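Proteins get letters first, then strands, A, B, ... in listed order; numbering begins at 1 in each. In this text the structure is predicted, and so the values were computed from the model without any measurement.
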Amino acid sequence: MKVRRLHRWDLSPRAAIRLQERLRERLVLRGGPRSPRWIAAADASFDDRFVYGVAVLWDATRGEIVEVRTARRPLTFPYVPGLLSFREAPTLLDALRPLSRKPDLVLADGQGIAHPRGFGVACHLGLLLDLPTIGVAKSLLVGEHGALSRRAGAAVPLRFRGRQVGWAFRSRDGVKPLFVSPGHRVGLAAALRLARGIRRRFRLPDPIRAADSASRAFRRGNVARTITYALSVSGEASA
DNA sequence: GCGACAG
DNA sequence: ATCTTGTCGC
C-alpha cells in the first residue's frame with residue numbers, strides 16, 4: 001500500500017516534537033470502520049544496531065493471519081518517551097508497505113492520542129497511511145482513569161488534561177488493562193468498539209500478538225521461522 | 001528541582 | 001524494548 005511522505009525522519013528530538021504539534025492538526029478523530037475484515041498490525045523488536053519490524057495482515061472473517069512482511073533498518077533515533085514513532089515507524093512502514101491488500105483498520109502497539117501532544121505512534125502511522133488506526137498500549141504514558149472491573153470487556157475512560165483521550169480496557173479476566181486510543185480516522189467510541197471486536201486469546205489482540213512474537217523471531221535470525229510464529233499465533237497448526 | 005515516562 | 005531462572009498460580 002502507499003505511504004505518504006509528509007516529512008523527513010532524520011530529525012532532532014526537538015524538531016520531532018515540533019513536527020508532532022504540526023501533524024496532530026491533520027488528524028481526523030471520528031468515524032471508523034463498521035465491520036473491518038482486513039486488519040493489519042505492526043510491531044518491532046530491537047538489538048544494539050537495528051530495528052526489526054513485522055507487519056501481519058489478519059482476516060477477521062476467518063480469524064487467521066494471511067500475510068506476513070518484514071523490514072529491518074539501522075537504529076537511528078534514541079528511545080524518548082513521547083517520540084516512539086521516530087524510532088520505529090520508518091521500519092514499520094517498510095513492513096506495512098508491501099502488504100498486498102489495503103487493510104480496513106491498522107493496529108499499533110503503543111498509544112494513539114493518549115499522548116503528551118496527542119500524537120502517538122498510532123496517529124503517526126494512520127496519518128502517513130491515510131487509514132483508520134487505533135493504538136493499543138500495554139502500559140500508560142499519560143492520563144488517569146477510575147476503577148475498572150476485572151471482567152473481560154470492561155472499560156473506563158482514560159482522561160488527560162480534562163479530556164477523554166482513550167480507554168483503560170480489560171481484554172481478559174483479571175489481566176492488567178490495555179490502553180486503547182484513536183490513532184486516525186477513528187473516534188473514541190469506535191476505538192473501544194473495534195478493540196472489543198478483535199479476537200484476543202491472550203491479553204493482546206491476536207493480530208498484535210502475532211506481530212509481537214514474529215518480530216522477536218525475526219530479530220533472532222530467521223525469516224521462515226518468523227512467518228511460522230505469526231501463523232501459529234493466528235491459530236493455524238504449527239506445522 | 002523532583003517525579004513520570006508507550007516501546 | 002532487552003538482559004535472564006526460577007517460581008507462583010490457574
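- Spacing between atom CG of D109(A) and atom P of dT2(C) amounts to 11 Å, rounded to whole angstrom units.
- Between R219(A) and dA1(C) there is no side-chain polar atom (N or O) within less than 4.0 angstrom of OP1 or OP2.
- Which of dT2(C), dG7(B), dC5(B) sits closest to the side chain of S139(A) comes down to dG7(B).
- At whole-Å resolution of the value, CZ in R209(A) and P in dG7(B) are 15 Å apart.
- Under 4.0 angstrom from either OP1 or OP2 of dT2(C) there lies at least one side-chain N or O belonging to S45(A).
- Applying the 4.0 Å criterion to OP1 and OP2 of dA6(B), one finds that K138(A) has every side-chain N and O outside that range.
- In this entry the distance linking CD1 of I17(A) with P of dC5(B) reads 18 Å, nearest Å.
- Atoms CZ (R117(A)) and P (dA6(B)) sit 13 Å apart, rounded to a whole Å.
- The CG atom of L141(A) sits 9 Å away from the P atom of dG7(B) (whole-angstrom rounding).
- Of the charged side-chain nitrogens involved, none lies within less than 4.0 Å of a carboxylate oxygen, so that R37(A) and D104(A) do not count as a salt-bridged pair.
- For the pair R161(A) CZ and dA4(B) C1', the interatomic distance rounds to 13 Å; values are reported in whole Å.
- Between F179(A) and W167(A), a ring centre-to-centre spacing not shorter than 6.0 Å is recorded.
- Using a 4.0 Å cut-off between a side-chain N of Lys or Arg and a carboxylate O of Asp or Glu, D206(A) and R200(A) do not qualify as a salt bridge.
- Separating the CZ atom of F169(A) from the C1' atom of dA6(B) is a distance of 18 Å, rounded to the nearest angstrom.
- Between H124(A) and H7(A), the distance separating the two ring centers is shorter than 6.0 angstrom.
- dC10(C) atom P lies 23 Å from atom CZ of R201(A), rounded to whole Å.
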